Amino acid sequence: MRVVVDNTAGGDAGFADAVARGLRERGMEVELRPPPPATTFDTAVHLVSAGIVLRVDERPDRATMSVVEDVVRGALMHSASLRRRTRTVPVQLGETARVLAWLDVFG
């Protein structure tokens, strides 16, 4: 399964890195998309979402989705900020806005 950790909104580079690293450690092919340079100066980027999206080419089977959920939850729980720990991360189909699942610490 190939997963794109899309951080082009610039939400949280450390969180995006942790998710990408965790997925790679579990044998997944991962592409990490960093934010464009101009995004680092946009102070409004953190107000609406976590800023990252996980993109998959096809709907993951239950076992794969369980691994992705565990990695995201683990990365969220290691955040120093309570506000950032309670974020929700969408898993979207390819480059579309279609959300297949929302992942958070609450499961």
Side-chain angles (χ1 to χ4, degrees):
M1 163 85 34
R2 180 176 176 272
V3 179
V4 175
V5 178
D6 187 345
N7 187 36
T8 55
D12 187 339
F15 177 61
D17 289 339
V19 170
R21 184 176 48 255
L23 293 172
R24 285 184 187 117
E25 288 171 355
R26 285 160 181 83
M28 294 187 180
E29 179 185 346
V30 178
E31 174 189 344
L32 177 59
R33 292 184 186 165
T39 305
T40 59
F41 299 105
D42 184 356
T43 58
V45 77
H46 301 288
L47 299 177
V48 177
S49 74
I52 76 163
V53 175
L54 301 181
R55 299 187 183 280
V56 294
D57 294 330
E58 60 188 40
R59 182 178 292 276
D61 60 33
R62 187 65 215 144
T64 303
M65 185 57 87
S66 179
V67 169
V68 173
E69 290 170 356
D70 289 346
V71 168
V72 170
R73 284 190 189 110
L76 285 170
M77 290 307 296
H78 286 93
S79 176
S81 163
L82 178 61
R83 179 182 62 84
R84 289 186 180 207
R85 271 185 245 145
T86 58
R87 294 185 290 195
T88 303
V89 177
V91 176
Q92 294 182 343
L93 184 61
E95 299 302 317
T96 71
R98 181 175 177 210
V99 176
L100 301 174
W102 291 94
L103 307 179
D104 58 32
V105 295
F106 305 109

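It should be emphasised that the depicted structure is a prediction, and the values quoted were computed from it without experimental measurement.
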* **Six-ring centre of Phe106, Arg73 cation under 6.0 angstrom, axis tolerance 45°** => no
* Structure fact -> Rounded to the nearest 0.5 Å, the CD atom of Glu31 sits from the CZ atom of Arg55 at a distance of 10.5 Å
* **Cluster check Phe15, Val71: I/L/V/M/F/W/Y, side chain < 4.5 angstrom** => yes
* Could you give the distance from CD1 (Ile52) to OG1 (Thr8), rounded to the nearest 0.5 Å? -> 10.5 Å
* **Atom pair CE (Met1) and CG (Asp61), whose distance is rounded to the nearest 0.5 Å** => 6.5 Å
* Kindly determine whether Asp70 and Val67 satisfy side-chain contact (heavy atoms from CB on, under 4.5 Å), including the steps that lead there. => CA-CA 5 Å; Asp70 289 346; Val67 169; 5.7 Å; no
* Salt-bridge contact Arg87-Asp12 (side-chain N to carboxylate O under 4.0 Å) -> yes
* Can you list the steps and then say if Val72 with Leu54 is a side-chain contact (heavy atoms from CB on, under 4.5 Å)? -> CA-CA 10 Å; Val72 170; Leu54 301 181; 3.7 Å; yes
* Carboxylate-amine/guanidinium contact Arg62 Glu69, below 4.0 Å -> yes
* Under 4.5 Å between side-chain heavy atoms, hopping through other hydrophobics if needed: is there a path connecting Val56 to Val19? -> yes
* Asked: In Å, rounded to the nearest 0.5 Å, how long is the span from CG of Asn7 to CG of Asp17?
  -> 8.0 Å
* Distance, nearest 0.5 Å, that separates CG of Leu32 from CZ of Arg24 -> 6.0 Å
* **Value rounded to 0.5 Å, distance of CG in Leu103 from OG1 in Thr88** => 8.5 Å
* Stepwise, does the side-chain contact (heavy atoms from CB on, under 4.5 Å) test hold for Val5 with Arg33? -> CA-CA 6 Å; Val5 178; Arg33 292 184 186 165; over 6 Å; no
* To do: Apply the test salt bridge (charged side-chain N to carboxylate O under 4.0 Å, His left out) to residues Glu58 and Arg98: give CA-CA distance (whole Å), side-chain angles for both, the deciding distance (0.1 Å), then the verdict.
  => CA-CA 11 Å; Glu58 60 188 40; Arg98 181 175 177 210; over 6 Å; no
* To do: Evaluate the side-chain contact (heavy atoms from CB on, under 4.5 Å) criterion for residues Val68 and Arg26: first the C-alpha distance (whole Å), next the side-chain angles of each, then the deciding distance (0.1 Å), finally the verdict.
  => CA-CA 9 Å; Val68 173; Arg26 285 160 181 83; over 6 Å; no
